[in-house]
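Throughout, residue positions are numbered sequentially from 1 according to the sequence presented. Worth knowing before you read on, the calculation uses all heavy atoms, side chains too, and leaves out hydrogens, waters and symmetry mates. Note that the structure is predicted; figures quoted are calculated from it, not measured.
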Amino acid sequence: GGSLKILSLDFEKGEEWYQLEAAADQTPEKAYERQWVVTILDRAMSRLREESAKQGRRKFLERVEDMLVGDRGNDSYIKAAQELEMSPGAVRVSVFRYRRRLRAILREEVRETVERPEDVDDEIQKLLTLY
């Protein structure tokens, strides 16, 4: 009554629209596993940042952090070297060492989550496929 507008609840039409929506490709289990991967990687990077800060290399790590996963090409090393006032070779060697340290920290983090030490490699492989 009065000035109120009556809205029709068309459940069939609503269900039709719902069926047309793209289904989420991620099950709750996959979403949980993905979050676990992100958490483990975050913990490993946090530890690397702490170590770097203690060594007085926080600025360096901040600059090359995105280069630790995957190869960004020679241009990235040249640009980083210019910004950090280092040679490209020195940057490349340091990034290699940081990658190696990050892998070691990641292994330690994963080791804390598995029952048996021999499961670490399998768990890391699973982690990499989820990432």
Side-chain angles (χ1 to χ4, degrees):
S3 63
L4 299 177
K5 184 177 179 180
I6 299 176
L7 297 176
S8 171
L9 297 177
D10 189 349
F11 291 105
E12 287 181 34
K13 192 66 164 170
E15 191 64 30
E16 235 177 84
W17 288 340
Y18 178 75
Q19 295 297 327
L20 293 175
E21 289 291 320
D25 63 342
Q26 218 175 27
T27 65
E29 292 81 13
K30 290 285 183 193
Y32 176 82
E33 288 176 345
R34 175 82 175 153
Q35 185 57 47
W36 176 81
V37 170
V38 170
T39 300
I40 292 291
L41 291 173
D42 282 347
R43 287 174 52 178
M45 278 305 300
S46 291
R47 285 182 52 191
L48 188 62
R49 285 183 197 110
E50 287 174 18
E51 288 179 9
S52 184
K54 287 178 184 175
Q55 297 166 354
R57 299 201 46 151
R58 184 178 55 161
K59 179 182 173 187
F60 177 85
L61 182 59
E62 287 173 355
R63 175 56 185 90
V64 301
E65 192 170 309
D66 65 329
M67 299 165 68
L68 296 181
V69 180
D71 191 9
R72 301 287 188 247
N74 201 35
D75 287 346
S76 296
Y77 290 103
I78 293 170
K79 289 177 186 175
Q82 290 169 346
E83 291 174 25
L84 295 166
E85 299 177 355
M86 297 172 67
S87 73
V91 171
R92 190 177 297 277
V93 168
S94 292
V95 167
F96 171 79
R97 289 178 181 157
Y98 271 92
R99 283 179 182 158
R100 185 173 52 195
R101 181 62 187 136
L102 181 58
R103 279 193 298 270
I105 293 170
L106 187 60
R107 287 187 69 77
E108 292 170 11
E109 290 292 331
V110 170
R111 190 176 302 127
E112 292 178 19
T113 67
V114 295
E115 289 182 31
R116 303 173 317 176
E118 57 267 21
D119 293 338
V120 171
D121 289 331
D122 289 339
E123 197 65 23
I124 288 176
Q125 192 61 36
K126 181 180 175 184
L127 181 142
L128 293 176
T129 60
L130 292 171
Y131 189 71

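- Atom CG of residue L41 and atom OG of residue S46 lie 10.5 Å apart, to the nearest 0.5 angstrom.
- Expressed to the nearest 0.5 Å, how far CZ of R57 lies from OG of S52 amounts to 6.5 Å.
- Taking hydrophobic clusters as Ile, Leu, Val, Met, Phe, Trp and Tyr residues chained together by side-chain heavy-atom distances below 4.5 Å, F96 does not share a cluster with L61.
- Heavy atoms of other residues, nucleotides or ligands lying less than 6.0 angstrom from CD of Q125 number 12 at most.
- Atoms CG and CG, from L68 and L102 in turn, are 6.0 Å apart once rounded to the nearest 0.5 Å.
- In terms of heavy-atom proximity, V91 sits nearest to A80 at CG1-CB, 4.1 Å.
- With contacts defined as side-chain heavy-atom distances shorter than 4.5 Å, the pair D122/V114 does not qualify.
- The heavy-atom pair separating A81 from P88 by the smallest distance is CB-N, 3.5 Å.
- For R63, the salt bridge (charged side-chain N to carboxylate O under 4.0 Å, His left out) partners are E83, not counting sequence neighbours.
- Expressed to the nearest 0.5 Å, how far CG of L106 lies from CZ of R99 amounts to 14.5 Å.
- Atom NZ of K54 sits about 7.5 Å away from atom CD of E51, to the nearest 0.5 Å.
- Residues E33 and V37 fail the side-chain proximity criterion, which asks for heavy atoms closer than 4.5 Å.
- Between L84 and V64, the shortest heavy-atom distance links the atoms CD1-CG1, 4.3 Å.
- Considering only residues two or more places apart in sequence or on other chains, R100 meets the salt bridge (charged side-chain N to carboxylate O under 4.0 Å, His left out) condition with none of them.
- Separation of atoms CZ (R92) and OG (S76) is listed at 9.5 Å; rounding is to 0.5 Å.
- Between D121 and R107 there is a side-chain heavy-atom pair separated by less than 4.5 Å.
- Considering only heavy atoms from C-beta on, D42 stays 4.5 Å or farther from T39 through its side chain.
- Considering only heavy atoms from C-beta on, R47 comes within 4.5 Å of R101 through its side chain.
- Side-chain contact between Y77 and M67: present, with at least one pair of heavy atoms (C-beta onward) separated by less than 4.5 Å.
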